[in-house]
Amino acid sequence: MELESLYQEVIMDHNKNPRCFHKLSEYTHTADGFNPLCGDKVQVYLLIKDNKIVDIGFTGVGCAISQASASMMCQIVKNYTIEEILELSKIFREGLTKDIPIDKDIGSLEALLSVKKFPMRVKCATLAWHTLENSLKGEKHG
Amino acid sequence: MSLIDIEKDTFYHDYPVLQRKVQDKKLIYLDNAATTQKPYSVINKIAQFYQMQNSNIHRSAHSLSAECTLEYDNARSKVAEFLGGTLFNEIIFTKGCTEAINLVSFCMEKKIQKDDEIWISPIEHHANILPWQRLCKNTGAKLKIIPMNDQLELEISTFEHLITERAKLVAVTHISNALGVVNPVESISRICKKVGALLFIDGAQAVSHTKVNVKEINADFYALSGHKMFGPTGIGVLYAKEHLLNEFEPYQLGGGMIEQVTFHESTFAPIPYKFEAGTPPIAGALGLAQAIDYISETRYDVILQKERLLYDAFMEMCSRIKEIKIYGHKNPHHHIPVFSFNINRIHPHDISTIFDSYGIAIRSGHHCCQPLMQILGVPATARISFAYYNSISDIHIIEEAIKKSMEIFIK
Ligand SMILES: Cc1ncc(COP(=O)(O)O)c(C=O)c1O
């Protein structure tokens, strides 16, 4: 059943025990993400040194998909360069919104692609990624 | 219609969309507070209008236009009768409840001064908050909130002590779209009259559930949306007392609302036309009139009895599931079967997706009531809003969906 693919174990695990779920004490980039339609909220904090993500954390409230997606994102992008992040973000978001198969290995993010069968929930899965991209556009500080 | 119809529970036969499937399951439509479904008679009326009658009103001398003008005016008479026998002139067609509220808040600006008070309740829809908020910002008036008790019902006796003659207008919803609570509009009206405040009632949620008589309530304004009472979208009604409409300046300007126009001066048509600039939603008005006929044939006493059965069956089912928290509803007789709830700490969005896989349409989110969500201390709730045409047997399927949600999330 499709419901089982949406709420598969890896997603439920990240929802229950989100990784990197904290505000960084020291960070260079941050952004708030908000979906006014359903109230999902995500804040991401990045510590970037020499174009590389040294540390990342998030806080937020929202549905299982939005929170699990943020958690999985944080786990994956650590040590990525900004360019690598932007590329992965693009692949992942297109994987959810476009009808083309993904030819790159996106690791554990694969699990989230089942959200595609639930069009109303795609925004939940992409919220963290949009927020991450916004944080990279924002003013550096910290 | 009769008690036998209630027992047969086949009202959904009147609604084509309720015959369809979603996700391979029979559609169980429980998002009626967002919009109700439309019976065949309303759909056919609108189709027939476009197929056989379509023309503009009040403009042309040809037969088609004469026919439409007459029907459009008849629709207004029907609404006037439906709301308790108001005057024809007191019924303004709008595009919906939201526009009716904006119309009044716009027109009230000339009557409001600095330090006057506008009162609203804490359970209002954003549509009945934002226009008053702006009115207060523009005039320096104060927006005051009617107190609410921990049963999530308005605290009328405290309100009566708090309100003073500074209050110029009280705007409350007749029935809450988020909590299903019926506000004591008669008591509120009495209090308004005592201090000389005008009373605006947002009736968006009321008219599909209960007979409304604006004269008995003695409301100064009453607003509704056609699509929430088995009629089409794009049509709504503002009832306003005649003398108020006569005092108000027009809300919008254009064709249809004028008497004489020169380049430098214009005079306006009398009410109600003064408030209907531009080509109105003609098909919408005829569809709304048909929806009123449909309600009359179904009868409010039948609707009420059927909704009570749904209410009791739903509450009985919920009483067996301790993980469900329903907001308010301590006094069933102050409520209609519209329930905001949460299941443990499962996010309402997830609940909604799981329900959808059973063919059940419910709403999740803040229901355009963010201030109320702040009071409840939750970002969102799930909401089941019944209409009389929902079947008692659907409640078993709701129970299954609730159990499935718990199975997935509370292992
Ligand atoms: C209580 C209440 N007031 C006003 C509205 C606004 O109605 P509309 O969007 O049809 O203008 C709604 C609709 O949800 C409502 O529930």
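The figures that follow rest on heavy atoms only: side chains count, while hydrogens, waters and symmetry mates do not. Throughout, protein chains are lettered first and strands after them, A, B, ... in sequence-line order, and every chain is numbered starting at 1.
Note that CD of Glu4(A) is 8.5 Å distant from OG of Ser357(B), once rounded to the nearest 0.5 Å. In this structure, Tyr358(B) OH and Leu3(A) CG are separated by 7.5 Å, a value rounded to the nearest 0.5 Å. A distance of 9.5 Å separates NZ of Lys16(A) from CZ of Phe409(B), quoted to the nearest 0.5 Å.
Atom NE2 of His22(A) has more than 12 neighbouring heavy atoms from other residues, nucleotides or ligands inside a 6.0 Å radius. Environment of CG in Asp24(B): sparse, with no more than 12 heavy atoms of neighbouring residues, nucleotides or ligands closer than 6.0 Å. For Glu9(A), the CD atom sits in a loose shell: 12 or fewer heavy atoms of surrounding residues, nucleotides or ligands are nearer than 6.0 Å. The number of heavy-atom neighbours closer than 6.0 Å to NZ of Lys117(A), taken from other residues, nucleotides and ligands shown, is above 12. Heavy atoms from other residues, nucleotides or ligands lying under 6.0 Å from NZ of Lys330(B) number more than 12. Other residues, nucleotides and ligands contribute over 12 non-hydrogen atoms within 6.0 Å of the CZ atom of Arg93(A).
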- Output, in order, the C-alpha distance, side-chain angles, deciding distance and verdict of side-chain contact (heavy atoms from CB on, under 4.5 Å) for Arg121(A) and Thr353(B). CA-CA 8 Å; Arg121(A) 305 301 300 276; Thr353(B) 295; 2.4 Å; yes

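Across every non-hydrogen atom of Ala64(A) and Asp350(B), the tightest pair is N-OD2, 2.7 Å. Of all non-hydrogen atoms in His349(B) and Asp40(A), the two that sit nearest each other are ND1-OD2, 4.2 Å.
Taking the side chain as every heavy atom from C-beta outward, Ile408(B) and Met12(A) approach each other to under 4.5 Å.
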